[in-house]
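Here the structure is a predicted model, which is why all the values come from computation and not from measurement. Every chain is numbered from 1, with letters handed out A, B, ... down the list of sequences. The basis for the numbers below is simple: all heavy atoms, side chains too, and nothing from hydrogens, waters or symmetry mates.
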Protein chains: 2
Amino acid sequence: MLQLHRLNNPSNVIDMNQCSACLIRNRAICADLDASELDALNKIGHQQQIERGRSLMWEGEDAHLVANVIDGVMKLTSSLEDGREQIVGLVYPSDFIGRPYGTTSAQTVTAITDTKLCVFPRSAFDDFAKSHPRLEHKLLDKTLSELDRARQWMLLLGRKSASEKIASFLLEMSERLAEKGCTDIPARSSFELPFGRQQVADILGLTIETVSRQFTRLKKQGLIDLPDRRTVVILDREALAVEA
Amino acid sequence: MLQLHRLNNPSNVIDMNQCSACLIRNRAICADLDASELDALNKIGHQQQIERGRSLMWEGEDAHLVANVIDGVMKLTSSLEDGREQIVGLVYPSDFIGRPYGTTSAQTVTAITDTKLCVFPRSAFDDFAKSHPRLEHKLLDKTLSELDRARQWMLLLGRKSASEKIASFLLEMSERLAEKGCTDIPARSSFELPFGRQQVADILGLTIETVSRQFTRLKKQGLIDLPDRRTVVILDREALAVEA
DNA sequence: CGCATTCATTGATTTGGGTCAAAAAAACGG
DNA sequence: CCGTTTTTTTGACCCAAATCAATGAATGCG
């Protein structure tokens with residue numbers, strides 16, 4: 001069933017256009033490359049659109065590609081045989097996807113919103129990376145940051161209560177979405193979640209019902225407002241931080 | 001209070017002796033270095049003993065060093081203000097510790113057993129790494145593996161029940177401790193945990209009582225035996241795998 | 001060796017969050 | 001615009017694991 005979502009539709013494939021105009025160029029792994037290097041990298045990759053809900057790679061399967069997110073949000077998920085799912089990572093513009101120097105993907109990578117990517121065949125990318133230390137350096141730096149973030153999330157998953165999880169989540173989202181420019185809303189106190197309630201539950205290791213109840217509780221207590229189901233307005237950041 | 005554990009006791013500092021005799025040399029980040037490179041790395045680091053319970057760096061504090069574990073087991077922990085603690089990583093011989101190109105440590109690093117380390121001042125290590133792509137490459141590879149492992153652990157923390165957590169833990173330990181040669185016991189079905197019950201609880205996001213109850217349950221059901229409080233014998237790996 | 005301390009087990013009780021079920025509200029499609 | 005589908009909210013109930021409280025076993029030390 002998941003197989004149906006495979007992306008081998010050539011109509012989605014677009015020639016890689018000028019990196020120099022790329023909005024996330026200075027934050028992505030290609031940031032430290034010079035013009036000629038960028039050109040070489042250009043030749044091995046291409047831009048690709050991927051629509052909301054579609055997956056780019058699957059847990060346990062061969063991953064023959066790596067990618068950079070240009071625009072949109074993706075999720076990394078691990079799941080159990082019975083369908084329980086945990087979102088183990090979120091991928092924002094300028095973030096890197098995939099496992100260089102590995103064969104199988106440890107997680108499923110799925111678009112949460114329509115997403116624009118720079119895609120590279122893994123083997124070609126591996127070769128390029130091995131011979132371009134500055135790129136590997138950037139990749140290492142990003143990976144180390146991701147690892148720290150993942151470990152911070154482990155504390156939340158293992159030790160925080162539902163209300164603490166929700167509060168931490170809202171605060172992190174308000175920062176992340178602001179910093180990454182995923183929305184046009186200037187005020188970081190108001191932001192649009194790219195996730196539905198079930199996805200929030202899958203991020204926090206909760207059920208959808210618990211997420212919903214916590215949201216309405218915070219709303220009733222006046223710490224947040226929820227104008228529509230995707231928008232969150234933080235009314236009392238202080239109080240929220242105390243809960244986190 | 002934690003400050004008392006700081007390692008500035010010069011008696012613990014030993015000159016780095018010959019890497020060529022190092023037991024973990026071929027698995028650690030120094031694996032791909034040639035003799036002269038190894039010699040240069042040698043000059044910036046030194047070996048150090050650290051005893052069980054002592055910490056090498058603290059969450060949120062400046063980390064002016066990075067290290068390689070030669071022998072022993074260490075833990076990475078994150079904690080909340082009220083003392084709740086989560087073990088977010090385990091560090092075995094040949095594993096790397098610390099955050100190159102970063103300033104503050106995101107976790108506390110503490111010895112679980114008496115540990116032997118190769119310690120490097122961070123700034124000197126950073127410089128060395130930047131000019132030695134093969135070392136950075138190795139470091140990247142290790143970091144990517146750690147990230148995959150951390151994310152797999154997030155699934156356990158967020159979605160597994162206590163009995164599933166315990167079963168997964170025992171199976172992983174039997175593999176990890178065998179593969180890393182942390183014990184002399186040849187049979188991977190019998191191994192000695194380097195952790196007490198509280199630490200197992202901190203790894204799994206449970207309480208010590210729940211861990212204890214699950215252990216005794218598995219013993220009563222004949223899936224494992226517990227000859228003494230640190231030793232685990234897996235009697236029915238199949239059944240344990242079904243629980244995991 | 002015996003006392004003290006730490007660590008682990010076991011039992012009784014509580015509770016946070018899960019499950020099950022239904023209603024309400026949005027979003028979608030013709 | 002209306003019926004269908006999906007998503008979210010709300011309520012009633014339950015249970016796994018936490019908490020609280022002892023007891024029992026190891027370990028360490030004078």
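- The overall bend of the helix from dC1(C)-dG30(D) to dG30(C)-dC1(D), read as the angle between its terminal helix axes built from five base pairs each, is 50° when rounded to 10 degrees.
- A donor-acceptor contact closer than 3.5 angstrom is absent between the side chains of Ser163(A) and Arg213(A).
- By the salt bridge (Lys or Arg N to Asp or Glu O under 4.0 Å) test, Asp228(A) is found to be paired with no residue, residues two or more places apart in sequence or in another chain being considered.
- Looking at Gln221(B) and Glu243(B), their side chains come closer than 4.5 Å, going by heavy atoms from C-beta outward.
- Counting 5' to 3', DNA chain C first comes under 4.0 angstrom of a heavy atom of chain B and last does so at the ends given by dC7(C) to dA12(C).
- Remark: Phe215(B) engages no residue in a ring-ring contact (aromatic ring centres under 6.0 Å, His included) (not counting sequence neighbours).
- With sequence neighbours left out, Glu146(A) forms a salt bridge (Lys or Arg N to Asp or Glu O under 4.0 Å) with Arg149(A), Arg151(B).
- Annotation: proximity of residues 153-162 of chain A to DNA chain D (heavy atom, distance under 4.0 Å) is found for no residue.
- Here the C1' atom of nucleotide dA25(D) and the CG atom of Asp228(B) are 12 Å apart, to the nearest Å.
- Residues in residues 158-169 of chain B take part in these salt bridge (Lys or Arg N to Asp or Glu O under 4.0 Å) pairs, two or more places apart or across chains: Arg84(A)-Glu164(B), Asp202(A)-Arg159(B).
- Residue-environment remark: CG (Leu23(A)) stays at or below the threshold of 12 foreign heavy atoms within 6.0 Å.
- For Arg122(B), the salt bridge (Lys or Arg N to Asp or Glu O under 4.0 Å) criterion is met by Asp126(B), not counting sequence neighbours.
- Scored by the side-chain hydrogen bond (donor to acceptor under 3.5 Å, both in side chains) test, Thr210(A) finds Thr207(A) as partners (sequence neighbours excluded).
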B/S/- contact track for nucleotides 6-14 of chain D, protein heavy atom under 4.0 Å: -BSBBBB--

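- Here the shortest heavy-atom pairing between Gly72(A) and Pro93(A) reads O-CD, 3.2 Å.
- Residues satisfying the side-chain hydrogen bond (donor to acceptor under 3.5 Å, both in side chains) criterion with Gln214(A), sequence neighbours excluded, are Arg217(A).
- Counting only residues at least two apart or in different chains, salt bridge (Lys or Arg N to Asp or Glu O under 4.0 Å) contacts with residues 104-120 of chain B are absent.
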